[in-house]
Amino acid sequence: MRIKEGFELRDICGEHVVVAHGRGNIDFSKIISLNESAAYLWHKVQGQDFDAAMLARLLTEEYEVDEATALRDAEKTMQDWRGAGMAE
Amino acid sequence: MELPNDKLLPLVRQYVAEGEHVIISVKGYSMRPFLEHLRDRVKLSPWTELQVGDAVLAEIAPGHFVLHRIIEIRQGRELTLMGDGNICGTEPCTIDDVCGVVTEYLRPNGHVLYASDKKLQKRIRLWRRLLPIRRALLFLYRLTIDERA
């Protein structure tokens, strides 16, 4: 999986918000809020291919979480990103 | 998610001032029949010159934003705004209060109506001239919208 071109993570009013940024405009009508760990993952994998195992490893490196939980969270994150059209 | 207007619109002002084009969802009914609440989106752009008939996002008082149309320009900088869907009530402001001008009307089916479109501009002028009977026209418009909903 890979984060699609045209999406960028911004810190808006203290929130991690993904906005569509394409054709020279910022689209505030389609914004997605990310929690702390999803924003961390986004920064880590932006611009590269990734899979659930890679995300899970990043989570265990940064947070005190067991591998099974990290993998579940990673799969959920990927599902959310795909569902929101931000990754493919 | 949706950012509340009190957080979103100051950002829009900032980004447009930096030269960005910003798309926002329309909230409210005051720009009927040209813009519909939560159905349409608009692209707001930086501007160099404003004209009567332009729809603008303006901060008419600190923290109070409206997306309304310019109906009068005096001395090049004093503006009067009015919502297309309003029967009466105007907002005085200056060009310094304008945060961005609507350059595109974005419909949910993907259709883009450009503010520079001559037919649109003609319809806007006609709508302005029909102000004396606007209440009745808006009533009929609401009926058609309600039927479709």
Side-chain angles (χ1 to χ4, degrees), chain A residues 1-47 50 55 58-59 62-63 72-88, chain B residues 1-28 31 34-48 55-57 59 63 65-67 99-116:
Chain A
M1 182 175 272
R2 196 179 178 90
I3 292 170
K4 286 187 194 172
E5 291 283 324
F7 287 94
E8 56 181 44
L9 181 59
R10 292 183 178 221
D11 188 356
I12 295 178
C13 307
E15 299 213 37
H16 305 291
V17 175
V18 176
V19 293
H21 196 168
R23 291 193 306 121
N25 60 57
I26 303 171
D27 192 346
F28 276 118
S29 66
K30 294 176 194 161
I31 56 178
I32 297 114
S33 174
L34 299 187
N35 63 22
E36 190 69 37
S37 58
Y40 157 75
L41 291 175
W42 182 285
H43 281 302
K44 288 285 184 187
V45 301
Q46 195 167 25
F50 58 90
L55 295 189
L58 288 166
L59 285 173
E62 182 70 11
Y63 300 99
R72 267 204 310 277
D73 288 351
E75 283 169 350
K76 173 75 168 58
T77 299
M78 288 175 67
Q79 196 181 333
D80 289 345
W81 290 0
R82 191 186 292 115
M86 303 187 299
E88 58 190 355
Chain B
M1 76 171 276
E2 241 179 50
L3 278 181
N5 270 353
D6 61 331
K7 285 186 175 178
L8 173 69
L9 298 180
L11 280 172
V12 171
R13 176 168 207 168
Q14 181 194 326
Y15 285 129
V16 174
E18 289 169 2
E20 304 264 18
H21 301 263
V22 176
I23 294 171
I24 59 170
S25 294
V26 173
K27 292 177 187 169
M31 284 299 277
F34 293 97
L35 289 167
E36 189 60 35
H37 174 65
L38 293 183
R39 183 194 70 182
D40 297 321
R41 300 178 300 144
V42 291
K43 183 191 274 190
L44 293 160
S45 301
W47 51 275
T48 49
V56 295
L57 177 71
E59 189 172 7
F65 293 83
V66 294
L67 181 71
C99 312
V101 61
V102 174
T103 49
E104 294 178 17
Y105 299 72
L106 308 163
R107 305 304 188 203
N109 61 4
H111 183 68
V112 180
L113 195 53
Y114 294 93
S116 57

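In what follows, chains carry the letters A, B, and so on, assigned in the order in which the sequence lines appear, proteins first and then strands, with residues in each chain numbered from 1.
Results of the side-chain contact (heavy atoms from CB on, under 4.5 Å) test with A:Ser29 over B:Leu8, B:Ile23, B:Leu106, B:Val22 single out B:Ile23 as the only residue that passes.
In this view, A:Glu62 and A:Tyr40 satisfy the side chain to side chain contact (heavy atoms under 4.5 Å, CB included) rule, not counting sequence neighbours.
A 6.0 Å sphere centred on CD of B:Glu18 holds more than 12 heavy atoms belonging to other residues, nucleotides or ligands.
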Can I get a per-line list of side-chain donor-acceptor pairs under 3.5 Å for residues 80-88 of chain A, giving both atom names and the distance, sequence neighbours left out?
from: A:Asp80; atom 1: OD1; to: A:Lys76; atom 2: NZ; distance (Å): 3.1
from: A:Asp80; atom 1: OD2; to: A:Lys76; atom 2: NZ; distance (Å): 3.0

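How far CD of B:Glu20 is from CZ of A:Phe28: 9.0 Å, rounded to the nearest 0.5 Å.
The contact between B:Ile24 and chain A is made by backbone and side chain atoms together, counting heavy-atom distances below 4.5 Å.
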